[in-house]
Amino acid sequence: MARPVIALLTDFGTIDHYAGTVKGVVLGVCPEAAVVDITHEIPPHDVLAAALELAAAYKYFPPGTVFLVVVDPGVGSARRAMAAEAGGYRFVAPDNGVLTLVFREVPPKRVVELTERRYARPSVSRTFEGRDRFGPAAAWLAKGIELTAFGRTLASWQSLEVPEPSVGDTQIVADVLRVDRFGNLVTNLDRRTFDRFAGVGAIEIVAGREAVGKVVGAYADAEAGSLCALFGSTEHLEIAVSGGSAAARLALGRGARIAIVRR
Amino acid sequence: MARPVIALLTDFGTIDHYAGTVKGVVLGVCPEAAVVDITHEIPPHDVLAAALELAAAYKYFPPGTVFLVVVDPGVGSARRAMAAEAGGYRFVAPDNGVLTLVFREVPPKRVVELTERRYARPSVSRTFEGRDRFGPAAAWLAKGIELTAFGRTLASWQSLEVPEPSVGDTQIVADVLRVDRFGNLVTNLDRRTFDRFAGVGAIEIVAGREAVGKVVGAYADAEAGSLCALFGSTEHLEIAVSGGSAAARLALGRGARIAIVRR
Amino acid sequence: MARPVIALLTDFGTIDHYAGTVKGVVLGVCPEAAVVDITHEIPPHDVLAAALELAAAYKYFPPGTVFLVVVDPGVGSARRAMAAEAGGYRFVAPDNGVLTLVFREVPPKRVVELTERRYARPSVSRTFEGRDRFGPAAAWLAKGIELTAFGRTLASWQSLEVPEPSVGDTQIVADVLRVDRFGNLVTNLDRRTFDRFAGVGAIEIVAGREAVGKVVGAYADAEAGSLCALFGSTEHLEIAVSGGSAAARLALGRGARIAIVRR
């Protein structure tokens, strides 16, 4: 069997021992695993941000990778814990919609509720289920335990409302969903929708009070320091400053609106 | 032999190459190890913070794990370097009390001074012993070298003063020892001491100028945005805001006092 | 064959999925690799900072380690992508000078341009070559593919201007090139040059408006809270505060000048 990969995506941050402790638990069950951090810097309890990062990353991991996704405002409550198979990958997460975007791309083959106690730690803290329930489940999955052994199959689960761009005849209004570490403003407008709209006449992109110069193919295609638009690594429109930060330049952040208007 | 695990806990931060360099050294000696970060974000030189994070994490790692703990204000000085066996684990650290809380829970079977030069790098920098002395020692331990090969057995070592709650007849005053990334104020008051006190009559918890609503079992048990108290993943009392940050709400931090008073 | 090591040094930060996604790609090609972070916190597009961190770290990794260095302001442009063998190590990076300091210490045995498409992902994003080109190349190198299989041998490549201390008869002016997480001001003045100058008479070190007390061997040799100078783990002069931050005390940062003057 190939070496199992367990990829972690949480809002645990890195100042505390939390992510490390989960890894200790995981390695106790599945010492041969490659344990990889996607990020632990999801803003606390921000399920949508986690869903977006996961959707951007998962498809670049080896088939069979187990994604351990713990952004869990409902920790310790009656919200369900679940595991799923989708697109050749496995996912362990609270049932709070954090897998919504993955499931849109690769509809799940099976989703189960995590209830089987033998695949959790003997005592499950109501404040740290990542350590006591989700971590062990991910490790047992990586170890080869079948999904159906973890609990009953679920027929439905929570979904997340993901903002969609508003597409009209004369303009599109897109939402900034992510601001990355480079200050790029990443919107929910995909290339195909944009192309369909822009293909039939001249358009202008407006971000805050500024008109965005042009749509380029790479950051370095724009003049240094100038505002530009491009389709980033997930094929969504983003507003950028070549060699700088669009977020700082425009004082815009998540939730901001970007308009694409006919001229 | 199981795959060895080496878990790192330092104040090196992540902006510099320091933690990575130590991992390079470790993998040079013991390439088969799983090298895991607990955290590198201990505030610079904060031995107590490191002791607390280590004590919260170590027991969730697989038996035999080697903990490489480098928070070392005395780097390059005459303070001793040590390695220990305790609770089925191994620890490598400066002799500055950073293992105090672990040793309270699992008294060490043996502690040695790290003096054997063959298990250090040929030249030991006086500013980066993590790279030249502690890292190699941890890797050689993981590789299977016996503890006694590293130097003479020590009969005593440094201990840390850890603040204890003051428990009286009419009130307990607890200290906030940690503020975690979610803004939870984690105190030094354990559940058993609290229960003994609270079991004999009504109590009130006061944090800053606010009365804390009630003791709940999980963050989600409290009304969203409300102040609550609970016993977190290490079974110590913490003050939290459901879905928010108690540290921000109360403007309290490490060293703050929390009072539990009889009504 | 020994377990391959792939060490990552980027400006990707840790709030986004970028570094994790690259690791997913790498493990898909070379699942047996130990993937190690040096740092992802290079300031965005700061090639010199990356060159310095890499030069400080690489030589402590096991022979054969593949360094995946992605600080790439020219991503998607015509700047070349390259791989190199030097000092028994392998390096994958954009051709922007980021390997300058390594190559000074260990002249490259061979440098090739990364053009062979079979060692890249089928489609190469113009905004994320770390994922689509550099990551796969590093993994294939770790897997054992020969350097010459990746593209034609290069006879020249970009170099970086690295500030050098100005050495005169009566004074040396050194530049602060790095401020580390402890607030140490690390200069470009190496110990040998300093010794040659200081060996022939009394000297004084001036940082900002303060005279630096003395050159010590370790932080703990100086009085707590006092300003001192020493040669750090890369044998370059640094200004430090024992148990504190020289950067905060002096309000100095990268680019600041430190004078060593004859008295």
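Everything quoted here is computed from the prediction, not taken from an experiment. A, B, ... follow the sequence lines: proteins, then strands. Residue 1 opens every chain.
Here the side chains of A:Val36 and C:Leu27 are in contact, with some heavy-atom distance below 4.5 Å. Counting heavy atoms from C-beta on, the side chains of A:Tyr60 and C:Arg121 come closer than 4.5 Å. Between C:Tyr18 and A:Asp180 the shortest side-chain heavy-atom distance falls below 4.5 Å. Looking only at side-chain heavy atoms (C-beta outward), C:Thr127 and A:Leu230 come within less than 4.5 Å of each other.
In terms of non-hydrogen atom pairs under 4.5 Å with chain C, the most contact-rich of A:Gly217, A:Ala49, A:Ala224, A:Ala34 is A:Gly217. When A:Pro43, A:Ala218, A:Ala220, A:Ser233 are compared by the number of non-hydrogen pairs under 4.5 Å with chain C, A:Ser233 comes out ahead. No other option in C:Ala19, C:Gly13, C:Ser125, C:Gly74 has as many heavy-atom pairs under 4.5 Å with chain A as C:Gly13. In terms of non-hydrogen atom pairs under 4.5 Å with chain A, the most contact-rich of C:Gly76, C:Pro44, C:Gly135 is C:Pro44. Ranking A:Asp221, A:Val5, A:Leu8 against chain C, the residue ahead of the rest is A:Asp221, based on heavy-atom pairs under 4.5 Å.
By the 4.0 Å N-to-carboxylate-O rule, C:Asp16 lies close enough to A:Arg178 to be salt-bridged with it.
Of the possible donor and acceptor atoms, one in the side chain of A:Arg3 sits under 3.5 Å from a partner among the backbone N and O of C:Ala33. Judged purely by atom type and a 3.5 angstrom limit, A:Arg181 uses its side chain to pair as donor or acceptor with the backbone of C:Asp11.
Environment of CZ in C:Arg104: crowded, with over 12 heavy atoms of neighbouring residues, nucleotides or ligands closer than 6.0 Å. Around CD of A:Glu235, the count of heavy atoms belonging to other residues, nucleotides or ligands within 6.0 Å exceeds 12.
C:Glu129 does not touch chain A: none of its heavy atoms, backbone or side chain, sits under 4.5 Å away. Proximity to chain C (any heavy atom under 4.5 Å) is restricted, for A:Phe231, to the backbone atoms N, CA, C and O. Proximity to chain C is limited to the backbone of A:Val179, based on heavy atoms less than 4.5 angstrom apart.
We find the OG1-NE2 distance between A:Thr234 and C:His17 to be 6.5 Å, quoted to the nearest 0.5 Å.
Between A:Phe182 and C:His45, the angle of the ring planes stays under 30°, which puts this pair in the parallel group of the 30/60° scheme.
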